[in-house]
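Each remark here refers to the structure printed beneath this line.
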Amino acid sequence: MVVDELKDIKELHHPSREVRHSKQRYTTIPLGLILTENHIVTVCSEETPILQYFHHNAVRGFSTKKKLRFVYQIMLRVSLAYQRALTVIDKARTEFEENIEKITEEADLISLHELESTLVYFATSLRGNANVLNKLARYGQLQQFPEDRELLDDVIIENQQAIEMTQIYRDIIDGTRQLISTLMDNRLNEVMKRLTSITLILAVPTMISGMYGMNVDTRWMPFANTFQEFWIIGAIIIVICIILLWILKRMKML
C-alpha cells in the first residue's frame, strides 16, 4: 500500500471478553479501519469474531468491491455484538436481583460494580462509534451505492439502540446497588437494635446483683435479712426482665 493512497483512518470499539477476578467479563477493544482508494485494512490487537462473519461468508450482500458497504456491515456487526453483550449483562443483573436477600459477601458487591464499570466502558465506546457513523454519513471519498444509505441508517438505529440499552441498564444497576446498600443498612440497624435490647435486659440482673454485692448496711437493702432472700431477689429480677422483654417486643426492638 502506498502512503499517497491513504484516504482515512477510522477507529471503532467493540466488546470483547476478558477474565477478571477469575470470571468472564466484558471490555472494549479498538478495531482500526484504514481506508484507501483501493483497499480497506483492518487492524485489531486480537482475533475478533466481528471479522469472522466475513471470513466465513456469513454476511448477506457482502462484496469486497463495495468497500463503503463493507465498512457499514462491520459497524452493524459491532452494534449487534454490543446488544448481545448487553443482554448477557442484564441477565447477570437479573440473577443479582433474584438473590438480593442472600447477598452478604464483598465479592457479590464487587461483581455488581464490575457490571456497572463495563456499562461505562460500553457507553463511552458506543458514543465514539456514533461519531464515526456521523462522519461516514458525510463521507465522499469512496463510492456509495443507493443501498448503502439504507444500510447506514440501519447501523445508526442499531447503534443508538445499544446506547439506550446501555443507559437503561446503567440506571437499573445503579438502583440495584442502592437497594443493596439500603438493605445492608437495615440489616445493620436490626442487629444494633437487638444488641441494644439484649444489653438493656442483661443490665437489670447486673445492676441488682451489683447493689447487693456492695459492702453496705443490710438494713437499707430490701429482703437482705429475709429467709430465702436469694430466691426472692432472683424472682424479682426474672419478673422485671420479662416485663422489659414484653415492652421491647411491643416496641419492635426484638
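Cluster membership for Ile238 and Leu248, using ILVMFWY side-chain heavy atoms within less than 4.5 angstrom, is not shared. Note: the hydrophobic cluster containing Leu80 also contains Phe70 (ILVMFWY, side chain heavy atoms under 4.5 Å, direct or indirect links). A continuous path of Ile, Leu, Val, Met, Phe, Trp and Tyr side chains, each step under 4.5 Å between heavy atoms, connects Leu119 with Ile168, placing both in one hydrophobic cluster. Note on Tyr121 and Val88: separate hydrophobic clusters, where clusters join Ile, Leu, Val, Met, Phe, Trp and Tyr whose side-chain heavy atoms are under 4.5 Å apart, directly or indirectly. Residue Trp231 is not grouped with residue Ile233 when hydrophobic side chains (ILVMFWY) are merged at heavy-atom distances under 4.5 angstrom, including chains of intermediate members.
Between Lys193 and Glu190, at least one side-chain N (NZ, or NE/NH1/NH2) sits under 4.0 Å from a carboxylate O, which counts as a salt bridge. Between Arg170 and Asp174 there is no salt bridge, since none of the side-chain N atoms of the basic residue sits less than 4.0 Å from a carboxylate O of the acidic one. A salt bridge links Glu114 and Arg25; the closest N-O separation between the charged side-chain nitrogens and carboxylate oxygens is under 4.0 Å.
Exactly one residue among Asp153, Leu133, Leu152 makes a side chain to side chain contact (heavy atoms under 4.5 Å, CB included) with Tyr72. That residue is Leu152. Applying the side chain to side chain contact (heavy atoms under 4.5 Å, CB included) test between Val204 and each of Leu200, Thr206, Ile208 identifies Ile208 as the sole match.
Although no hydrogens or angles enter the test, the distance criterion places a donor-acceptor pair under 3.5 Å between the side chain of Gln83 and the main chain of Glu158. Looking only at distances, a side-chain donor or acceptor of Asn189 sits under 3.5 Å from a matching main-chain atom of Asp185. In this structure, Ser79 contributes its side chain and Met75 its backbone to a donor-acceptor pair below 3.5 Å. At least one donor-acceptor pair closer than 3.5 Å links the side chain of Thr166 to the backbone N or O of Ala162.
Looking at Thr118 and Thr27, their side chains never come closer than 4.5 Å, going by heavy atoms from C-beta outward. Between Cys44 and Pro30, the closest side-chain pair of non-hydrogen atoms is not below 4.5 Å. Taking 4.5 Å as the limit, some side-chain heavy atom of Tyr82 sits within range of a side-chain heavy atom of Asn129. A 4.5 Å side-chain heavy-atom check between Lys91 and Glu95 finds at least one atom pair inside the cut-off.
The two residues Tyr26 and Arg17 have their closest heavy-atom pair at OH-NH2, 2.9 Å. Across every non-hydrogen atom of Leu195 and Thr199, the tightest pair is O-OG1, 2.7 Å. In terms of heavy-atom proximity, Val78 sits nearest to His13 at CG1-O, 3.6 Å. In plain terms, the two heavy atoms of Glu116 and Ile173 that are nearest each other are CB-CG2, 3.9 Å.
For the residue pair Tyr169 and Arg93, no side-chain donor N or O sits within less than 3.5 Å of a side-chain acceptor on the partner.
In this structure, CD in Glu11 is found 9.5 Å from CG in Leu33, a value given to the nearest 0.5 Å. The CG atom of Leu86 sits 7.0 Å away from atom CG of Leu126, with the distance rounded to the nearest 0.5 Å. Separating the CG atom in Asn159 from the CG atom in Asn134 is a distance of 9.0 Å, to the nearest 0.5 Å. In this structure, the separation between OG1 on Thr94 and CD1 on Ile172 is 8.0 Å, given to the nearest 0.5 Å. Note: Ile201 CD1 to Leu245 CG = 4.5 Å, rounded to the nearest 0.5 Å. Note that CD of Glu150 and CZ of Arg69 are 10.0 Å apart. Values are rounded to the nearest 0.5 Å.
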From CA spacing to verdict: side-chain contact (heavy atoms from CB on, under 4.5 Å), Gln73, Arg77: CA-CA 6 Å; Gln73 288 170 334; Arg77 290 293 167 181; 5.7 Å; no

Test side-chain contact (heavy atoms from CB on, under 4.5 Å) applied to Thr42 and Thr48, step by step: CA-CA 11 Å; Thr42 59; Thr48 170; over 6 Å; no

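Atom CD of Glu47 has 12 or fewer heavy atoms from other residues, nucleotides or ligands within 6.0 Å.
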